[in-house]
Every structure is written in structure tokens, then in C-alpha cells.
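The structure presented is a predicted model; accordingly, all values stated were derived computationally and were not measured. Residue numbers begin at 1 in each chain, while the letters A, B, ... track the order of the sequences.
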Amino acid sequence: MSLSLHLPVLVILLPLMASPLCILIDRARASWLITLIASLLSFYCSVLLLQQVQITGTISYELGGWQPPWGIEYRIDLLSAFMLILVTGLATLVLLFARYSVEQEISKLRIVPFYATLLLAIAGLTGICVSGDVFNVFVFLEISSIASYTLISMGRDRRALNAAFKYLVMGTIGATFILIGIGFLYMHTGTLNMQDLAGRLPALYDNRTIRAGFAFITVGIGLKLALFPLHLWLPNAYTYAPSVVSALLAATATKVAVYMLLRFLLNIFSLDFSLDAMPLDLILIALGSTAIISASLVAIFQVNLKRLLAYSSVAQLGYIALAIGLANHSGLTAAMLHIFNHALMKGALFLSLGAMVYKLGDAELHSSQGLIRHMPLTSVSILVGGLSLIGIPGTAGFISKWYMIQATLELGLWPLALIILAGSVLAVIYIWKIVESIFFQSPPSTVAVHEAPVSMIVPMAILAAANIYFGLNTHLTVDLADSASTLLVMGGGQ
Amino acid sequence: MNPLIWLPLTPLLVALTLPLCSRWPNLREGITLLGGLGLFLLSLTQYLSAEIPSELILATPLPGYPLLFRPEPLGIAFSLLVSFLWPITSLYAVGYMRGHKEKNQTRFYVFFALSIAVTQAIALSGNMLTLFLFYELLTLMTYPLVTHSGSEEAKKAGRTYLGILMSTSIMFLLLATVWSAQLAGTLEFTPGGIFPDTLTSLTLNTLLLLFVFGTAKAALMPFHGWLPQAMVAPVPVSALLHAVAVVKAGVFTLLKVVIYLFGSDLVAGLSAAEFVAYLAGFTLVTASLIALRKDNIKARLAYSTIGQLSYIILGTMIATHSSVVGSSMHMVTHAFGKITLFFCAGAILLATHKTKVSELDGCGKQIPVTIGLFTLAALSTIGLPPFAGMWSKWWLLQGTVETEHYLLTAALLLSSILNLAYLMEIPLRAFLKPAQTATPVYQEAPLLNRTAATVTTALCIILFLLPEQLFQHFSMLGGG
């Protein structure tokens with residue numbers, strides 16, 4: 001019983017403590033196992049947390065028994081719990097997959113530090129989700145970001161270094177902006193606690209410093225979530241990072257940035273201020289629409305599949321931005337659903353590509369020719385992920401598209417509905433390019449490979465199956481997204 | 001277990017079993033045939049019995065919008081039609097695929113069975129969400145059949161197929177579906193329609209156009225280009241899927257939308273419906289004219305299908321009682337005529353290796369059965385007695401006269417004359433013209449193929465004798 005009181009901190013503590021443990025034990029296989037177990041336990045804690053939140057409502061946890069605002073508060077509402085499940089669940093699946101892939105892609109000496117860093121990244125991402133204090137959000141963001149830069153730089157390709165450096169520069173600018181913004185808010189309110197901020201800010205909405213702080217924070221988070229046109233770091237980072245890292249970042253890191261955006265815009269500030277008084281709704285809609293169309297178009301012309309999916313991610317983040325910009329209940333529900341569903345599809349796709357890289361050495365389009373003959377399960381999981389990305393009914397992707405279109409139509413913004421649908425049509429083109437190559441080209445005669453090992457297939461299959469399951473049974477996702485967005489709209493989340 | 005589930009489940013089980021017996025072609029094809037026969041008997045007994053379950057909920061992906069099966073007269077007719085033609089086409093396919101020495105036959109039979117399963121689900125759909133789901137799946141399931149040969153030409157055709165069908169269904173049909181859900185709060189197919197009276201005519205007109213252009217499977221111009229391209233597929237695919245299942249799924253969707261979402265009374269008063277009716281009139285004349293100039297037999301038949309589909313669209317949009325009955329009836333009668341024509345085209349290919357109309361001179365004496373059956377099916381498609389095609393065209397004509405759309409009456413008549421010209425050219429050349437060069441001796445196509453074509457031709461005649469029953473069945477659909 002006493003342990004269940006400390007769940008909010010356990011979620012973070014498990015990966016955070018496992019990280020030095022890896023270094024101490026210093027064995028490649030053992031560090032993989034530790035990482036897997038830590039993230040599995042962390043996932044278990046998240047599930048318990050969600051149950052608690054559903055029963056008792058928002059949980060407030062005082063770190064070290066110090067009362068806020070002096071002490072640090074961890075605060076878990078439905079949205080936090082939802083994000084925790086997403087992050088730790090995906091992390092567990094990716095780690096299940098990771099063993100062979102990492103052994104092959106990372107040089108032997110670096111495997112232990114790799115897992116240690118990965119754990120830090122997970123700790124950082126979970127930390128962002130539970131913090132009830134903006135400065136802590138910033139700290140955890142830095143932990144996860146710095147860990148990400150390191151992880152990306154460990155890619156086999158030497159261009160990974162360059163990609164990591166670019167991300168580092170952009171990411172640091174983003175983080176600095178966020179810090180400046182937080183500083184501005186602190187100057188006028190004298191608090192860093194989210195709830196206190198939410199209480200004191202409305203009186204200061206006309207204050208120029210507050211408005212500047214708001215702008216700094218928004219742009220900073222925009223950089224982190226690769227909001228068009230601040231997405232330039234993302235394609236290279238995803239392309240050259242080790243497969244496991246691409247999968248983890250694509251499925252969780254940008255989603256957590258979206259979570260931060262939602263928290264700041266809707267809880268710390270309020271819907272009326274962020275998306276009405278400030279013209280951010282229009283900006284998000286415009287940037288989101290541009291991202292959907294332009295990034296999808298760019299994706300069509302990619303010949304490296306990881307890069308193709310990276311551009312597709314930019315487009316998908318555009319969908320989420322657009323849905324938030326709609327600033328109504330169904331828009332937020334759609335955004336939340338897409339956060340979850342997109343994690344499922346990109347998880348399945350990037351893991352499949354990881355298996356392909358493991359067997360074939362790269363993720364180029366021409367290497368995928370005739371993949372169905374050698375790696376049927378991987379091929380099918382790419383197909384399912386792809387169909388979900390397009391939004392074929394019966395897949396998770398369809399559900400979020402449906403809600404998004406409904407949200408635009410509710411407001412009578414049918415041109416946006418057309419943009420969302422056009423994005424789907426473009427997705428058909430770039431996904432079908434892959435499908436045609438995998439299923440209908442004959443394989444190069446030199447290739448003789450077999451299906452990836454079971455430990456890679458299982459997480460991939462789970463994610464692919466989840467894409468279909470959450471396309472047919474949406475009780476869990478829709479209910480959660482619906483209640484979470486109700487909380488956000490009312491501004492009563494924190 | 002709800003017996004309705006067995007209608008899509010039977011072909012699905014066949015599809016899942018087939019890969020296991022890919023090494024034993026006889027077993028594989030035996031299972032397909034048995035499955036087909038089983039499905040037909042199953043659907044027949046179910047629909048004839050009085051205790052047919054009224055509905056079945058498969059899942060509820062969106063709150064308030066379940067995946068729902070609910071049989072009604074139109075769906076029952078479509079389901080029966082496809083379940084009857086599947087075993088016959090399988091019979092034909094065995095002869096054709098072996099005679100033509102096609103590769104990847106197991107894959108062929110698997111996707112064929114999957115397409116049938118999806119078509120059954122379309123026929124049973126109880127709301128627009130279900131229909132949309134299976135409509136999209138049908139495109140995906142038939143795509144591997146279109147690209148079956150794997151040639152560059154087939155791949156290119158596959159891209160057009162997918163491109164036109166998917167982009168229209170995503171851009172227009174999905175939008176129309178979500179919008180309807182928004183406006184009506186339900187997507188359930190309800191006699192008399194679901195839309196509240198408060199909607200403006202601008203909304204309704206736009207919505208109807210979105211539905212019509214979103215349903216490219218109905219091959220209304222300008223979204224008809226995929227159908228002639230799809231003819232690169234093996235003949236059994238063109239016969240059952242691209243003359244019956246896929247294209248009929250298109251017009252079926254439109255009929256369902258008009259009868260059960262809008263209500264035919266409402267549609268009859270919409271100017272968009274009138275516009276679409278005239279566009280269909282334009283399509284059926286133009287397609288007939290193009291068919292006249294096509295030398296390739298399958299291409300000619302494809303344009304003929306485009307024309308005949310527009311008959312159905314035209315009748316649907318006029319939305320009077322006689323025209324709706326005519327449209328629904330045409331969905332069935334045209335199926336038997338057109339599938340026979342394709343069967344015969346395939347039989348000609350098997351027997352003589354000829355694909356062009358101009359090459360057929362004089363071959364009628366050598367393969368009289370094939371050409372003979374072709375002639376009978378052609379007469380049915382044109383709409384002459386004593387064949388089933390006559391009744392549906394009759395009611396369609398009646399519909400245009402009742403509503404005083406005399407231009408459309410003229411279009412229908414003109415098109416029938418053109419049908420006569422482009423279809424009858426084939427038997428006339430085969431029987432009457434002397435062979436241009438010394439031709440080798442041809443033998444009739446395998447018995448399996450001739451049997452299949454004979455059965456479908458017989459149906460054209462049998463249905464001619466049952467106008468009362470057809471009329472009564474489809475009268476249940478109502479109509480203004």
C-alpha cells in the first residue's frame with residue numbers, strides 16, 4: 001500500500017536508477033535486461049497510476065514531503081497517465097526489440113553507455129509527463145534531449161554525428177527559449193508551480209512580459225515537436241539514428257513535446273487566452289496545414305524509408321497541430337487520439353524498418369524489393385502500419401482522422417477537412433511506393449535472408465495488431481481522449 | 001452464433017485454408033468450389049427462411065456508429081447474386097487458369113475468396129460506416145488480382161486502379177460520410193432517409209455530389225478510367241469482379257445512399273440528382289460510342305459495363321418507384337449478361353488465342369457454342385426479349401417517361417442501339433464473314449468454361465420468365 005502511494009515518483013525513478021546500474025555492472029547483455037525490466041516495471045506503474053487516477057481523480061505527490069509551492073510537486077491527471085502509458089509502453093516494446101538490433105548497430109564498447117543513455121531519455125520523457133512544476137518540466141526536457149542527442153550520434157553512419165549536432169543546436173535553442181519563457185512567467189508571478197501559475201496568470205494576461213513569455217515557450221516547444229517550419233532537425237535525426245532510437249523518438253519524444261504544448265497552452269494558460277486572445281489557433285492551423293501537404297509531398301520523393309517516415313512524421317505532427325488549433329473539444333480529442341494512434345503506427349513501422357536494417361543492412365527503397373519473400377511478417381507489419389498511416393477504416397489511423405474531420409466540420413471549416421483528406425491521399429502514394437516494392441518487385445538475386453529473430457518480431461507484431469485492435473475497439477482510447485480533452489477545455493486539468 | 005456472420009466468414013475461411021494446400025491444385029480448387037457452393041446454399045436457405053436475423057453488430061469502432069450487418073431486399077439480392085456467381089466463376093477459373101497456365105494461382109484464389117468475403121459484407125452493411133469500411137477493403141483485396149501478371153502494364157494499371165478508387169473514396173466518400181454523421185447524428189440505413197428537414201438544399205446537393213463522385217466504383221465519368229485499365233487482370237477477375245462484384249458494389253452504394261440515407265422522395269427533388277442523371281445519360285452514350293471503336297474484346301466489354309452502370313445511376317437519381325426498381329433489377333440482370341460475355345471472351349482467348357474483334361472473322365463455325373452463348377448474352381445486355389435485360393431497361397425507360405425527362409429516354413434508346421451495334425458485331429463477324437487468312441483448326445474452350453457460360457446464359461432466360469417476382473422483390477425498396 002505504501003508503495004502505491006509513491007507510484008508517481010517510481011515511474012521516473014526506475015529508469016533513472018537503472019541507468020547507473022548499467023554502468024556499474026558493465027555487461028552488454030545484462031544492461032539490456034536491466035533496461036527492459038526497468039521500463040517494464042515503469043509501464044506497470046503507469047498502468048496502476050491510470051487506474052488510480054480513474055478512481056480517485058488527479059493525484060498530487062509531494063516530493064520529499066515538501067509542500068508545494070516550496071517543494072516539488074508531481075501531479076498526475078488523466079492526460080499525464082495517458083502519456084505515461086504511451087511512453088513507457090512503447091519504450092518496453094522497443095526495448096524488447098532492441099537486443100539484436102543494438103548488438104549489430106552499436107559498437108561493442110558503446111552498448112552499455114547506450115542503454116544507460118536510453119534509460120535517461122526514458123526517465124526524462126516520463127518526468128515531463130508527471131511534473132506539476134514548470135522548472136522541473138524544463139529539467140526533464142533537458143535530460144531527455146541531451147540523452148537523445150547522444151543516442152542519435154551513436155548511429156552507424158557517420159552522418160549521424162552531423163545530424164545529432166544539428167539537433168543539438170536546434171534543440172538547445174528551443175530549450176533556451178522555453179527557459180526564457182519560464183523566467184518571464186516567474187518574474188511576474190513569483191511561482192513555478194503549474195497550478196499557482198494557472199491561478200495568477202489570468203490577471204496578467206495583458207502584461208507584455210507574460211505575452212512574450214508565452215511566445216518564447218510556444219516557439220521553444222514548437223522546435224521540440226518539429227512543428228513546421230521548425231522541423232529541419234528531424235529528418236536527418238530519424239534517418240541516421242540507430243533503428244531503436246528512431247523508433248523510440250518517433251513514437252514518444254515528439255508526442256511528449258505535444259503534451260507540453262497542451263499543458264502550457266491549456267492548463268497553465270487557458271484556452272481563451274492561448275487560442276483566442278493570442279492568434280495561436282490561426283498559426284497552428286496554418287502551419288499544420290502546410291506541414292500536412294508539404295511534408296507529405298516531400299515524403300513521396302524519398303528513397304530512404306527511414307527518411308520517408310521521418311517526413312511523414314512531420315506531416316502527422318501537422319495533423320496534431322491543426323487539430324489543437326481548432327480549439328474545440330472534438331479537435332483536442334482528435335489530437336489526443338492521434339498522439340496515441342500515431343505512436344502505434346510509427347512504432348510498428350520504425351520497428352519493421354529496424355528488422356529490415358538488421359537483415360539487409362540498410363533501409364533503402366531498393367533494398368526492400370521483394371521483401372515479402374524473405375521476411376513475410378516484417379512486410380505485413382509494414383503494410384498494416386502503412387494502412388493505418390493512410391487512415392484505412394478498420395485501423396487506428398482511421399479513428400483519429402474521423403475525429404479530426406468531424407472537428408473541422410463542426411466549425412464549418414470544410415477546406416481544412418479537404419486538406420486532411422488530401423494528406424491521406426498523399427499518404428496512399430508514399431505508402432504504396434513501399435508496398436509495391438515489397439510485395440510486387442522480385443528480390444535482387446544476391447539476397448538470401450530469413451525473417452528476423454522472434455524477439456524482434458513479437459513487439460513488431462504487437463504494435464501492428466494494436467493498430468487494428470484500436471481501429472475496431474476504441475473504448476479505451478476514445479474514452480480517455482474524450483475525458484482528457486474535457487479536462488483541458490475546462491482548464492481544470494491541473 | 002449469428003448465422004449472418006457465415007456469409008462473409010465462409011469465403012474468408014476458404015481464403016485462409018487455401019495457402020495450406022498450395023501444393024495440391026486439385027484440393028485447392030476443390031475447396032474453392034465447395035466453399036462457393038456452400039456459400040450459395042447458405043445464403044439461399046437463410047434468405048428463404050422466415051427467421052433471418054435482423055441484425056448483427058461486429059464491433060463498435062466509434063461510439064454510436066457500430067459495424068453493423070442488417071439484411072434488406074437490395075442487399076439480399078446483391079449477396080445472393082454474388083454467392084451464386086462465385087462457384088460458377090470458380091468453375092470457369094479452374095479451366096481458364098489451367099488452360100492459360102497462369103502463375104501464382106494460389107494467391108489468385110486467395111484474393112478472389114477475400115474479395116467475395118468483402119463483397120458479402122458490403123451487401124449486408126447496415127450503416128454507411130460499415131459500407132465504407134468494406135468498400136475500401138474491396139479496393140485493396142482486388143488490387144493484387146488486377147496486378148496478377150506482375151508485368152509493367154499490370155503494375156501501371158494497378159496504380160491507376162488504386163489511385164482513382166482510393167483518392168475519390170478518401171476525398172469525397174469519407175468526407176460525405178463524416179458530414180452525414182455530423183448532420184444526422186446517425187449513419188444507419190433507414191427507409192425514408194436519415195436527414196432532418198432543416199437542411200438547406202445547398203447542403204443536400206453538395207452532399208449528394210460528394211457521395212456520387214466518391215463512389216468511383218460506379219464508374220461514372222469522369223472517374224471511369226480505372227475500369228478499362230483493370231482489364232489486364234485474368235478473365236475470371238474481369239468477369240466476376242469487374243463486371244459484377246466491384247462495379248455493382250459501386251452502384252449498390254449509390255442505391256443505398258439514395259434510398260436509405262436521403263430517401264428517394266428527397267432525392268427526386270434535388271437539382272444535383274438531376275445533374276447526375278444527365279451526367280449518367282452522357283456517360284452511357286459516350287461509353288457506348290467508345291466501345292464501338294474498341295477493337296480489343298475485353299476493352300469493348302469494359303466500356304459497355306461503364307455504360308450499363310450509368311443506366312443504374314440514372315435510374316437511381318431519377319428516384320421514382322419504377323426507376324429505382326429498374327435500377328435494382330438492372331444490377332442483377334446486367335450481371336448475368338455481362339459475366340457471360342466475359343466468360344465467352346475468355347473462352348475465345350483460350351480456344352483461339354485471339355483478343356481482338358477484327359481477328360474473329362469466320363471463327364464462328366469452329367467454336368459455335370462459345371459464339372452462340374455470346375450472342376444470347378449480348379441480346380440480354382442490349383435489352384431484347386426473351387432475356388432478363390429487357391425488364392430492367394423497361395422500368396428504367398418508364399421512369400424517364402414518367403418524370404418527362406425525354407432527353408434521357410432518348411439517350412437510353414440511343415445507347416441500346418449502340419449496344420446492338422458494338423456487341424452484335426462480334427457474332428456477325430464470327431458467323432457471317434469468311435476468314436481472312438487460312439486459319440488453323442480451333443477447338444472449343446474446355447468444358448468447364450462452356451458449362452459456366454451456359455449456366456449464366458440460362459439465368460438470363462429464367463429471369464425473363466420471372467418478372468413478377470423480381471418486380472415484387474425490388475418494390476419493397478419503395479421509391480417516390
Side-chain angles (χ1 to χ4, degrees), chain A residues 330 333-334 337 370 372 376 383 386-387 390-396 398-412 414-429 431-433 435-437 439-442 468-475 477-479 482, chain B residues 19 58-67 104 107 118 121 128-137 139-140 143-144 146-152 154-156 158-159 161-183 187 203 206-207 210 214:
Chain A
S330 12
T333 310
L337 276 170
I372 179 75
L383 178 67
L387 292 180
I390 297 170
I392 294 289
T395 61
F398 176 71
I399 304 295
S400 27
K401 292 270 161 72
W402 175 282
Y403 274 89
M404 249 177 244
I405 298 170
Q406 210 163 35
T408 56
L409 292 180
E410 245 171 54
L411 297 170
W414 56 267
L416 293 181
L418 287 181
I419 287 175
I420 293 169
L421 293 164
S424 274
V425 173
L426 294 175
V428 174
I429 300 176
I431 289 300
W432 218 256
K433 216 172 74 164
V435 170
E436 225 180 56
S437 160
F439 289 85
F440 298 102
Q441 304 275 6
S442 38
I468 294 179
Y469 179 79
F470 288 111
L472 293 176
N473 186 344
T474 52
H475 279 305
T477 46
V478 170
D479 287 356
D482 192 58
Chain B
L58 298 172
T60 309
L62 296 160
Y65 305 103
L67 293 184
N104 297 322
R107 187 179 78 194
V118 173
M128 195 57 211
L129 180 70
T130 319
L131 185 53
F132 180 72
L133 162 70
F134 291 108
Y135 180 95
E136 291 289 62
L137 282 186
T139 311
L140 293 174
Y143 170 83
V146 172
T147 58
H148 182 78
S149 74
S151 64
E152 269 314 307
K155 270 185 228 160
K156 199 171 148 268
R159 266 176 234 144
Y161 188 76
L162 205 67
I164 294 182
L165 290 183
M166 289 281 251
S167 56
T168 49
S169 66
I170 292 176
M171 287 299 291
F172 307 134
L173 191 55
L174 178 57
L175 182 60
T177 306
V178 185
W179 198 9
S180 304
Q182 182 99 38
L183 294 172
L187 286 174
T203 309
T206 320
L207 206 52
L210 284 175

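More than 12 heavy-atom neighbours from other residues, nucleotides or ligands sit within 6.0 angstrom of OH on B:Y65.
For the atom pair CD (B:Q182) and OG1 (A:T408), the distance works out to 8.0 Å, reported to the nearest 0.5 Å. We find the CD1-CH2 distance between A:I405 and B:W179 to be 13.0 Å, quoted to the nearest 0.5 Å. To the nearest 0.5 Å, the span separating CG on B:L175 from CG on A:L418 amounts to 6.0 Å. Taken from OG1 in B:T206 to CH2 in A:W414, the straight-line distance is 9.0 Å, to the nearest 0.5 Å. Taking CD1 from A:I392 and OG1 from B:T139, the interatomic distance works out to 8.0 Å, rounded to the nearest 0.5 Å. Put simply, CZ on B:F132 and CZ on A:F398 are 5.5 Å apart, with the number rounded to the nearest 0.5 Å.
Interface remark: A:L387 contributes side-chain atoms only to the contact with chain B (heavy atom separation under 4.5 Å). For chain A, the nearby part of B:L162 is the side chain; its heavy atoms alone come within less than 4.5 Å. Only the side chain of B:L174 comes within contact range of chain A, with heavy atoms under 4.5 Å apart. Only the side chain of A:I390 comes within contact range of chain B, judged by heavy atoms closer than 4.5 Å. For chain A, the nearby part of B:T60 is the backbone; its heavy atoms alone come within less than 4.5 Å. Neither the backbone nor the side chain of B:L58 has a heavy atom closer than 4.5 Å to any heavy atom of chain A. Of the two parts of A:Y403, only the side chain, counted from C-beta on, holds a non-hydrogen atom closer than 4.5 Å to a non-hydrogen atom of chain B. Heavy atoms of B:Y143 lying under 4.5 Å from chain A belong exclusively to its side chain. For A:E436, the part lying near chain B is the side chain, with the backbone staying farther off; criterion is any non-hydrogen pair under 4.5 Å.
Of all heavy-atom pairs spanning A:A422 and B:M171, the tightest one is N-SD, 3.4 Å. Here the closest heavy-atom approach between residue A:W402 and residue B:A181 is recorded as CZ2-CB, 3.9 Å. Closest non-hydrogen pair, A:G394 versus B:L133, comes out as N-CD1, 3.7 Å. For the residue pair A:G471 and B:P61, the shortest heavy atom distance occurs at O-CB, 3.3 Å.
Taking B:F134 as the reference, nothing meets the ring pair (Phe, Tyr, Trp, His ring centres under 6.0 Å) condition, with sequence neighbours excluded. In this structure, the salt bridge (charged side-chain N to carboxylate O under 4.0 Å, His left out) partners of B:K155, at least two apart in sequence or on a different chain, are B:E152.
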Check the pair B:F172, A:L421 against side chain to side chain contact (heavy atoms under 4.5 Å, CB included), reporting the backbone distance first and the verdict last. CA-CA 9 Å; B:F172 307 134; A:L421 293 164; over 6 Å; no
